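On a predicted model such as this, the values are computed, not experimentally measured, just so you know.
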Amino acid sequence: MNRRQAIGLLLGTASAAGFGHVSGAVAAEDPSKYPTQPVRVIVPFAPGGASDFAMRLLQAPMSQALGQQVIIENRTGAAGNVGMDVAGRGAPDGYTVFFGNVGTVSINPTLYPDMSVKPDKAFIPVSNASETPSALICSMKFPPNNVKELIEYVKARPGKVNFASPGSGSVDRLEMELFRKATGLDMNHVPYKGGAGPAVADILGGHVELMFVTLAAAMPHVKANRIKILALSSKERSPILPDVPSVAELGYPELVATSWQGFLVPTGTPRPIVDKLFQAIVKAASDPTVKQRLIDGGSTASASESPEAYKAFIEKETARWTVVVKESGAVPD
Amino acid sequence: MRIRITTDLVTGILFVSLGLFAIGYGWNYPLGTPQRIGPGYFPLLVSSGLVLLGLILVIRSFFIAGDRIEAIALRPLLAVLLGTLLFGILVEKAGFIISAVLVVVLARLSDRDFRPLEVAILAVVLVGFIGSLFWFGLSLPLHPFPQW
Amino acid sequence: MDVLSNLALGFSVALEPINLLYAFLGVLLGTAIGVLPGLGPVATISILLPVTFTLQPQSAIIMLAGIYYGAAYGGSTTAILVNLPGESSSVVTTIDGYQMARQGKAGLALATAALSSFMAGTIATFIIAFAAPVLAEFALDFGPADYFSLMVFGLVAAVILAHGSVVKAIGMILVGVLLGTMGIDVNSSLPRFTFGVPQFGDGIDFAVIAMGIFGIGETISNLGRTEGEREFVKDYKGLWPSPRDLKAIVKPALRGTFLGAALGILPGGGPVLASFSAYALEKKIAKDPSRFGRGAIEGVASPEAANNSASQTAFIPLLTLGLPASPVMALMVGALMMHGLYAGPQLIAEKPELFWGLVASMWIGNFLLVVLNLPLVGFWARLLTVPYRLLYPSILLICCIGVFSIRNDALDVIVASVFGLVGYVLTRLQCEPAPLLLGFILGPLIEENLRRALLISHGSPSVFVERPISLVFLILTALVVLVLVLPAIRSGREKVFAEEAN
């Protein structure tokens, strides 16, 4: 350990950006020996958020599986585009890994057509890591107690019911657009910024009526019995909420959607390295502690079958959300 | 009427110019509807307010004797800003050491009282101390040396 | 279980040697990093978050909380010493704190900040212990319309901050609001005033503007002064507040404490709004408002008390409802999640040792801050006796690297240089920068809540007068406007405050 690392550790900053510029400097090495130095994973969101949370859980088991330290670098800004741009310009040597999510990889390209990095060109998908369904929640003051009552209630008051979202182009907002399309409901969109917190606060306070929000963000308030939860955007009921129906069983299979996070590497990264990373991710995602912590938080670990399967998954997601973004009018005119 | 260059007059002109610029630049931002206010509404409101205030200042400066603008300290202004600007432009390519030395030396050039030896010592001490503070202490991803 | 036995439990947790150690470590690190401009508590906590994963949850949260108020405190130190607000909530402290330092009263200003903060911290701790759940319910009643009216009230009150022309002060607020509109619009995803620069997509960082205007701009105007004028008064007198000073501090600090505690509970502008309105309040009720801006001790005591109690009561929505009201609080949620804990009402019931340990540690943290910082006051004050020709290159260099460190982006240094020019021009034009910064912080919140309130009310502006909370703030706003406008009309002159003094 050199002095910089030593002091970095002392201050607890071993995982901070300091290693960033070390990785690119090494000339192409034999991919079969990978990894010979710390692997840097760029998380495009702030510590404490859903992506960071999942990645921090995976960090230790991944480091173990790779035999090298995995370092998390949070590069935040512009809805994750800043981090994605940094990662996309990283050297394709396996030491720069991007921890993308549904927003950055599948929604942002349509939402921000001018962005400098095109995820489908810049990255090779490796594997998904975790996913969480969205919960249809509403204020305690809001009369409907289930989806059927909700539909009747809104149909009787077209355009009068307000739904919140953690951002115009968020997957939660788009999920609501799908729901409106499937049910033909006319509701009024009220976007929030700064994550799910402020939007959920206004649901708690009864200032807006309902929203889709990741189950992870809704869990504490569900447990505290301060919000009503009408449905989950999943195929089956969740083991932690056995009383809440899934959208599939309610007759809306097209609404099944999740917020997912997963790993991608810059285009050009050699196949053996992608495979090694893939195996490490699969191993980390099957770690019992990781699985339990994710479930407690409302998510599930979900590694892909193969890098090809993940690529196909992302393409499907991107195609699906592109249509929804365009129909929703979330794109600037 | 003789126009006096007062702080009110110049401030007013700056407010009007900034307001007009913002109105012009944001001309195509949609204004929206009363229910769904667009991205252009609020900036337009604020910019118009700025133009109005600027006009008040300009007109008032013709009638009320205001304070004249004090002399501009051109030498410190140019030396300091050149130093910090160069730091911003150079730091990623030329590295921290060169750009930091530039900031210190240029800053001291703003003073007529330039003591080469003292400046040299100051530069070494400051660059060494502040550099290591951010580098070691905060693991700032800065290159100390040129990158070409 | 009553509050006292809960507090006893809390103190038994917080006083465990290991937790005491982490509280101290947090406060120490927080102060150290707070003194460096640029890195605020959010960045510091992000960097240190991973270390806390290996600790016991209560130790982790105690340490992070220590960093949080340590950093806020360190920010005030630089605000007083070199006019660099390390944090948005210490902008107001620069107004009178820095003037005090220039007059050789840096020690007194720092001690005032420390003692006021401690007093505020102590009272806020008890407010949290006794009233947290009730206050949290109250905060939930604030809807978008109410926030809008509150923020408008804050902005109008900000005009009082200015000690020069009212028209210019309002103009500066508008310039700040306009700057705040830069970036991608939340509702429409449309980039506004980004000039095609991707980095402007999130707007400009507050610290970049503050360091440009205060750090670089102030240095240039100091250099423009003659040698004699620009040095700080050397024979610094009275590091310690005299009994008379203490008497002058207590009441403003108390007012600041309660104002701060109330505003801290509300998300968004919390500590910033608290410090600004505390300052405005003091200036308004002072017998001689003209002293403000020239080194009035109340101008340090009250806002410092306010931002400290606000940063503590900001924990209330997080701890009682699981709602993070600020980015720092969101980080706290993350820290708890890593330990498999979820902030919210059930946390108090399930892990009382964590909740009450944190509450108790807040008081201990504030106590440690005083213990740590009072001995440093002499050292800091002595630092100002360094000749200015050696001091200012250091300030400039720290500004450059500090700005760079915010997001590791060199463009920010260039933007800060531009704001250095702006800051210098403003001093030449006798425009004060503090209202600009407040406009910059509150403007986006005003726009956001205005648009949101109208969306929710389906376009009916009557929502602002129909909601009682909103109506109260609008009436208060009208009163402030009246207070501002009346003397101006009567005297027909602009220098309202100079006038009042006579």
Side-chain angles (χ1 to χ4, degrees), chain A residues 11-17 20 46-49 52-53 56-57 59 72 74-79 81-82 85 111-112 114-116 159-160 162 167-169 188-195 197-198 200-202 204-208 219-221 223-224 226 292-293 296-297 330-333, chain C residues 29 42 45-53 139-146 183-191 196 198-199 201-202 267-268 317 321-327 329-335 337-338 340 342-347 407-409 444 448 451-453 455-456 458:
Chain A
L11 257 178
T13 53
S15 65
D52 184 73
F53 172 61
R56 301 254 177 222
L57 286 176
Q59 185 179 22
I72 298 175
N74 299 89
R75 294 299 288 266
T76 60
N81 287 345
V82 169
D85 189 57
L111 204 57
Y112 308 106
D114 301 337
M115 64 197 230
S116 52
K160 291 292 168 212
N162 299 314
S168 280
N188 185 31
H189 176 219
V190 184
Y192 285 71
K193 71 172 179 184
V200 174
D202 273 7
L204 259 67
H207 306 290
V208 276
M219 262 330 274
H221 312 293
K223 279 192 200 153
R226 298 191 71 108
Q292 192 53 46
R293 280 281 164 85
D296 290 344
V331 200
D333 314 299
Chain C
L29 278 170
V42 179
I45 293 176
S46 320
I47 294 171
L48 293 175
L49 194 58
V51 205
T52 63
F53 297 157
L140 279 186
D141 286 338
F142 267 72
D146 308 317
I184 292 169
D185 174 49
V186 198
N187 295 42
S188 63
S189 309
L190 181 83
Q199 284 99 322
D202 286 337
L321 300 172
L323 284 173
S326 67
M329 294 301 137
L331 286 173
M332 298 281 176
V333 174
M337 275 171 77
M338 291 309 299
Y342 294 88
Q346 53 302 0
L347 187 68
R407 345 180 251 201
N408 301 325
D409 193 338
E448 206 182 311
R451 291 166 76 176
R452 194 171 292 147
L455 271 175
I456 291 175
H458 306 284

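Looking only at distances, no side-chain donor or acceptor of C:Asn187 sits under 3.5 Å from a matching main-chain atom of A:Pro191.
Nearest heavy-atom pair across A:Ser168 and C:Ser188 is OG-N, 4.2 Å. Shortest non-hydrogen contact noted between C:Arg452 and A:Lys193 is NH2-N, 3.9 Å. Among all heavy-atom pairs drawn from A:Tyr192 and C:Ile456, the shortest one is OH-CD1, 4.2 Å. In terms of heavy-atom proximity, C:Pro144 sits nearest to A:His207 at CD-CB, 4.0 Å.
A:Asn188 touches chain C through its side chain: at least one heavy atom from C-beta onward sits under 4.5 Å away, while N, CA, C and O do not. For C:Leu321, the parts sitting under 4.5 Å from any heavy atom of chain A are the backbone and the side chain alike. Of the two parts of A:Val190, the backbone and the side chain both hold a non-hydrogen atom closer than 4.5 Å to a non-hydrogen atom of chain C. Using a 4.5 Å cut-off between heavy atoms, C:Asp141 contacts chain A through its backbone alone, with no side-chain atom that close.
Counting only heavy atoms from C-beta outward, the side chains of A:His189 and C:Leu455 never approach each other to under 4.5 Å.
Under the rule for a side chain to side chain donor-acceptor pair (under 3.5 Å), the partners of C:Asp409 that lie at least two apart in sequence or sit in another chain are C:Gln199.
Atom CD1 of C:Ile184 is separated from atom CG of A:Asn81 by 7.0 Å, given to the nearest 0.5 angstrom.
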